[in-house]
Amino acid sequence: MLPSTHDRNRSRRRSCHRRKVKCIGDGTKPCKNCVSAGLACTYNAIPQKKGPKGSRAKVLSELRENQRQSHLTQSSPYELTSRSISPQAFSRTPGLLSQDVLDPCIQYFFTNIYSTQPILHRQRLQETVLQMEHSIEAYCTMASLCAYVLFQPSMVLPQTSSFGPNHSTSALGHLLLEETIRARKGYEYFENPTIMTIYTSFFIFCSYFALDRQNAAWSYLRQALTFAHVMNLHEEDTYKDDDFISASRMRRMYWTLFISERFTIEAQVCNPGIDFLQGLRFQKT
DNA sequence: TTATTCGGAAATTAAAAACA
DNA sequence: GTTTTTAATTTCCGAATAAT
């Protein structure tokens, strides 16, 4: 018989949890495991909520919607702008974010944008691409990143892209921006934000900024900053259990948000021509 | 031989659904 | 309102692996 939740929440230590070992010490601090391993003995701050999230019937309707979307896409992959996006459709639009779009967008980001926004790591980003299959959050991150890139004036998709020659690059950007915002409604990103939640909000901010929609951009930037604070990215202790790459990218993300916010305020008040923000709007090669 | 990692089974929990 | 079912998280056993 395991101890009650209350007891476990009290006694469960961060290091023991991470190591998947029983916390020995009768509630004393530091616990024996931490003493023998020479670790700081800290409590897990906020336990996750257990149990199903949202209505269970939602799963069925989501599956139905997925099938409906799939059927529509098979007949006409990109006639989706207005008709397929219903308020209930929280699932992704099949075929919209294809490898044909992802690869050139990622390439463009690291060639032209990374120098001013070094917030992503190429290998980790490829891992996020692989996660898209089962993670709607990963999907939203990649969709918003691609939208941002596609709004860059110098960004041109290769002719081989399945998007086809009849649509402009920025039109696909609009579709992906809408897709991100719609798909995001399908999960509770507010409750437990992750670094991907921040990336998504930031890329939506960048997209709106590129479209010169200042107010929408501003609100998403503030949202990203709020998530960063919820995740304690402003405290160095937050990074101590993360590997070097994750920690450095999170630090860079936090400072990019911080600087973006400062410059956005200045741009709104006195000087719209600041280089940093121009970099968001026009990443010219 | 000892220490550490981590897959995964079991326990626990909370919310939705079913029932009276 | 109560009970049951379901789907989520948490705990930590013990096998596998690494370090000494």
Side-chain angles (χ1 to χ4, degrees), chain A residues 1-70 86-92 121 123-141 182-201 226-233 235 237-250:
Chain A
M1 183 89 174
L2 293 169
S4 72
T5 311
H6 176 76
D7 290 344
R8 273 186 285 105
N9 285 344
R10 287 265 319 127
S11 63
R12 192 68 177 156
R13 303 285 160 65
R14 186 174 178 148
S15 310
C16 295
H17 184 210
R18 174 75 178 78
R19 296 172 64 193
K20 295 188 176 183
V21 293
K22 187 176 183 179
C23 189
I24 312 160
D26 300 325
T28 57
K29 194 180 174 184
C31 70
K32 288 180 183 174
N33 287 331
C34 290
V35 170
S36 63
L39 294 167
C41 190
T42 54
Y43 291 108
N44 263 352
I46 307 165
Q48 297 280 303
K49 263 195 168 182
K50 295 179 179 179
K53 291 175 172 57
S55 167
R56 274 186 257 158
K58 206 171 80 179
V59 176
L60 189 59
S61 57
E62 193 177 305
L63 285 166
R64 286 189 182 122
E65 182 60 30
N66 264 337
Q67 289 195 352
R68 197 178 72 85
Q69 292 283 340
S70 178
S86 68
Q88 295 79 29
F90 292 148
S91 57
R92 65 200 73 184
H121 186 269
Q123 191 184 336
R124 298 289 164 93
L125 196 64
Q126 290 298 344
E127 289 169 13
T128 306
V129 171
L130 294 176
Q131 289 172 26
M132 282 169 45
E133 190 67 28
H134 57 269
S135 165
I136 194 75
E137 188 158 49
Y139 177 74
C140 287
T141 300
R182 186 193 56 78
R184 231 187 173 194
K185 292 173 184 168
Y187 66 98
E188 299 266 344
Y189 59 94
F190 281 103
E191 197 60 43
N192 294 298
T194 66
I195 187 66
M196 281 195 273
T197 318
I198 300 177
Y199 282 142
T200 303
S201 294
T226 302
F227 289 141
H229 281 113
V230 167
M231 289 177 66
N232 282 326
L233 295 194
E235 289 180 9
D237 256 16
T238 306
Y239 307 108
K240 68 173 189 285
D241 289 337
D242 293 298
D243 62 81
F244 177 78
I245 293 170
S246 298
S248 75
R249 289 316 182 270
M250 283 195 281

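Numbered from 1 within each chain, the chains take letters A, B, ... in sequence-line order. Being a predicted model, the structure only gives us computed values, none of them experimental.
- Closest approach of A:Asn33 and A:Cys23 over heavy atoms only: ND2-CA, 3.8 Å.
- Taken to the nearest 0.5 Å, the SG atom of A:Cys31 stands 12.5 Å off from the NZ atom of A:Lys22.
- In terms of heavy-atom proximity, A:Arg184 sits nearest to A:Cys140 at N-SG, 3.8 Å.
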Base-pair string, DNA chain C, Watson-Crick plus G-U, cut-off 3.5 Å on both distances, | for inter-strand, is |||||||||||||||||||.
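- A donor-acceptor contact closer than 3.5 angstrom is absent between the side chains of A:Thr197 and A:Thr200.
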Q: For side-chain contact (heavy atoms from CB on, under 4.5 Å), just list the numbers for A:Met231 and A:Ile198, CA-CA rounded to whole Å, side-chain angles, deciding distance to a tenth of an Å, and then say yes or no.
A: CA-CA 10 Å; A:Met231 289 177 66; A:Ile198 300 177; 3.6 Å; yes
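- Residues A:Arg249 and A:Ile195 form no side-chain contact, since every pair of their non-hydrogen atoms from C-beta on lies 4.5 Å or further apart.
- Looking at A:Thr141, its side chain does come within 3.5 Å of a backbone N or O of A:Met196 through a donor-acceptor pair.
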What pairs of nitrogen or oxygen atoms, one from the protein and one from nucleotides 13-20 of chain C, lie under 3.5 Å apart?
from, atom 1, to, atom 2, distance (Å)
C:dC13, N4, A:Lys20, O, 2.7

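- With rounding to the nearest 0.5 angstrom, the CZ atom of A:Arg124 is 4.0 Å from the OG atom of A:Ser246.
- When rounded to the nearest whole Å, the span between CG of A:Asn33 and C1' of B:dA3 equals 12 Å.
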